[in-house]
Enquirer: 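Shown below is the structure under consideration.
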Amino acid sequence: MPRFAANLTLLFNEVPMLDRPDWAAKSGFDGVEVLFPYDSPVAEWERALNGLPLVLINTPPGDWISGDRGFAARPEDEGKFRDGFLRAADYATRLGAGRVHVMAGVAKGPQAEAIYVENLAWAAAQAPDLTLTIEPLNPDDMPGYFLNDYDQAARILDDLANPRIGLQFDLWHAARLHGDAAAVWAAHRHRVAHVQIAGFPGRNEPGGGGFSLPQLCDEVDALPDLWIAAEYVPAKGTAQGLFWLTALKSRSALIGG
């Protein structure tokens, strides 16, 4: 059975952030991920997690309100990226999170790709015990984001040829970008280092969109060291919508397809 993580940025937002790990554990999740844990000190996160695995965090995005979405592909912001990455690596290492999603930022063009590749290689060298992930994001949710195509991501990963830099497969973004998320998974699953799921087309509880989540679970079981993270917007309260987690853990019902 795959291990399931709750995205604490989106789930259990009925309670304060540092109360959410306990709610996730009591609801049947095996671990958690957090987009940006930086508002709380590491010591407070350690107490809140209380041994629950933290599996992934993102690099700092910058000023989100002003439109920053990370800096890895922004030639003019190399210093901001590198300072932010070292902060992310420190949090991840101290909290035992094995994966860091490196946010590319709003950028375009060959120069952006060149600095993105350079920064990824630099980051991997700075944090040899971490796995780095890159994630294509759809332009409706993330206008202007540099990495917006799975084939583009595959080309960059193949050029880097570093086993510690992998693909973050988000079912929602894959469907929004390419229509057929199952085809995206089939083409790129050998590059995947982390999986995120949500319902389609509403980004609520997982299911729908012609994608078989039980089949995904079976295939993840056959791949090394992958987590499936729930990154969705609950339609109502988080706890009321966790039927999908119960079904997938028991394999007693089909979700999606």
Enquirer: Checking the side chain of R164 only, and the main-chain atoms of L130 only, is there a donor and an acceptor separated by less than 3.5 Å?
Expert: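 It does hold such a pair.
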Enquirer: Rounded to the nearest 0.5 Å, how far apart are CD1 of I197 and CH2 of W172?
Expert: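 Between I197 CD1 and W172 CH2, I get 14.0 Å after rounding to 0.5 Å.
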Enquirer: How many angstroms lie between CD1 in I115 and CD in Q111, if you round to the nearest 0.5 Å?
Expert: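 The distance works out to 8.0 Å.
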Enquirer: When you group the ILVMFWY residues by side-chain heavy-atom contacts below 4.5 Å and let the links chain together, are V195 and V233 in the same group?
Expert: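 Not linked; separate clusters.
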Enquirer: Answer yes or no: is there a side-chain heavy-atom contact under 4.5 Å between P136 and D149?
Expert: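 Sidechains of D149 and P136: no contact.
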Enquirer: Any luck finding a side-chain donor-acceptor pair between D151 and H188 under 3.5 Å?
Expert: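 H188 and D151 do have a side-chain donor-acceptor pair below 3.5 Å.
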Enquirer: Hey, can you pull the donor-acceptor pairs under 3.5 Å for the side chains in residues 43-58, sequence neighbours left out?
Expert:
from, atom 1, to, atom 2, distance (Å)
W45, NE1, P37, O, 2.9
N58, OD1, H101, ND1, 3.1

Enquirer: Provide the closest heavy-atom pair for L167 versus A153 in the form atom of the first, atom of the second, distance.
Expert: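 That would be CD1-CB, 3.9 Å.
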Enquirer: To check you understand the geometry: which heavy-atom pair defines the closest contact between E33 and A5, and what is its length?
Expert: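 Between these two residues, the closest heavy atoms are N-CB, 4.4 Å.
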Enquirer: How many angstroms lie between OG1 in T131 and CD in Q168, if you round to the nearest 0.5 Å?
Expert: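 Taking OG1 in T131 and CD in Q168, the distance rounds to 11.5 Å.
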Enquirer: If you group Ile, Leu, Val, Met, Phe, Trp and Tyr by side-chain heavy-atom gaps below 4.5 Å, do Y38 and L86 land in one group?
Expert: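 Yes, Y38 and L86 fall within the same hydrophobic cluster.
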Enquirer: Flag the pair E135 / M142 as yes when at least one side-chain heavy-atom distance between them is below 4.5 Å, and no otherwise.
Expert: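 They are not in contact (no side-chain heavy atoms under 4.5 Å apart), so the answer is no.
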Enquirer: Please name all residues satisfying side chain to side chain donor-acceptor pair (under 3.5 Å) with R189, sequence neighbours left out, ordered by chain then number.
Expert: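 Only E219 meet the side chain to side chain donor-acceptor pair (under 3.5 Å) criterion with R189.
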Enquirer: Over all heavy atoms of both residues, which pair between A107 and A73 is shortest? Give the atoms and the distance, please.
Expert: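 Closest approach of A107 to A73, heavy atoms only: CB-O, 3.3 Å.
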Enquirer: Can you tell me how far apart CD (E14) and NZ (K236) are? Round to the nearest 0.5 Å.
Expert: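 Rounded to the nearest 0.5 Å, the CD-NZ separation comes out at 13.0 Å.
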Enquirer: Is there a path of hydrophobic side-chain contacts, each under 4.5 Å between heavy atoms, that joins L10 and I228?
Expert: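 Unlinked, L10 and I228 end up in two clusters.
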Enquirer: Between F146 and Y116, is the ring centroid distance below 6.0 Å?
Expert: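 Centroid separation for F146 and Y116: below 6.0 Å.
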Enquirer: I want to check something: taking the side chain as every heavy atom from C-beta on, are L245 and S27 in contact at a cut-off of under 4.5 Å?
Expert: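 Not touching, per the 4.5 Å side-chain cut-off.
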Enquirer: Treat each ILVMFWY residue as a node, draw an edge where side-chain heavy atoms are under 4.5 Å apart, and state whether I156 and Y145 are in one component.
Expert: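 Looking at the clustering, Y145 is in the same group as I156.
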Enquirer: Between P61 and M103, which heavy-atom pair has the shortest distance, and what is it?
Expert: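 What the structure gives for the nearest pair is CB-SD, 4.3 Å.
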Enquirer: Using side-chain heavy atoms (C-beta onward) and a distance below 4.5 Å, is V106 in contact with P143?
Expert: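 Side-chain contact under 4.5 Å: no.
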Enquirer: To the nearest 0.5 Å, how far apart are CG in D159 and CG in L120?
Expert: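 Here the interatomic distance stands at 11.5 Å.
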Enquirer: Taking E205 for its side chain and A235 for its backbone only, find out whether a donor-acceptor pair lies under 3.5 Å.
Expert: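 Yes.
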Enquirer: Take W185 and F211, measure what ring-ring contact (aromatic ring centres under 6.0 Å, His included) needs, and give me the verdict at the end.
Expert: CA-CA 10 Å; W185 170 257; F211 195 98; 7.4 Å; no
Enquirer: Would you check if V32 and R20 make a side-chain contact, meaning some heavy-atom pair closer than 4.5 Å?
Expert: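 In short, these two side chains do not touch, never coming nearer than 4.5 Å.
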Enquirer: Work out which heavy atom in L132 is nearest to a heavy atom in A123; give both atom names and the distance.
Expert: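 For L132 and A123, the tightest heavy-atom pair comes out as CD1-CB, 3.7 Å.
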Enquirer: Report the C-alpha separation of W23 and T238 in whole Å, then their side-chain angles, then the decisive distance to 0.1 Å, and conclude whether the side-chain contact (heavy atoms from CB on, under 4.5 Å) test is met.
Expert: CA-CA 10 Å; W23 280 48; T238 303; over 6 Å; no
Enquirer: Listed by chain and number, what are the ring pair (Phe, Tyr, Trp, His ring centres under 6.0 Å) partners of W227, not counting sequence neighbours?
Expert: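 For W227, no residue satisfies ring pair (Phe, Tyr, Trp, His ring centres under 6.0 Å) once neighbours in sequence are set aside.
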Enquirer: Side-chain contact test, heavy atoms from C-beta onward, threshold under 4.5 Å: evaluate it for Y150 versus F169 and give yes or no.
Expert: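 Yes, side chains in contact.
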Enquirer: Are any of the side-chain heavy atoms of H173 and H178 separated by less than 4.5 Å?
Expert: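 No; the side chains remain at least 4.5 Å from each other.
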Enquirer: Indicate yes or no for a side-chain donor-acceptor contact from S250 to the backbone of A247 under 3.5 Å, with no hydrogens or angles considered.
Expert: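 Yes, the answer is positive, given that a donor and an acceptor are paired below the 3.5 Å cut-off.
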Enquirer: Are L137 and L35 co-members of a hydrophobic cluster defined by side-chain heavy atoms under 4.5 Å apart?
Expert: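 Yes.
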Enquirer: Walk me through whether K249 and D30 qualify under salt bridge (Lys or Arg N to Asp or Glu O under 4.0 Å).
Expert: CA-CA 11 Å; K249 283 203 163 190; D30 307 296; 3.3 Å; yes
Enquirer: Compare all side-chain heavy atoms of R99 with those of D225 and state whether any distance is below 4.5 angstrom.
Expert: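 Counting from C-beta outward, R99 and D225 do come under 4.5 Å.
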Enquirer: The test is side-chain contact (heavy atoms from CB on, under 4.5 Å); show your working for R176 and D140 and say whether it passes.
Expert: CA-CA 9 Å; R176 292 297 300 271; D140 292 327; 2.7 Å; yes
Enquirer: With rounding to the nearest 0.5 angstrom, report the CG to CG distance, N138 to N148.
Expert: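 The distance works out to 9.5 Å.
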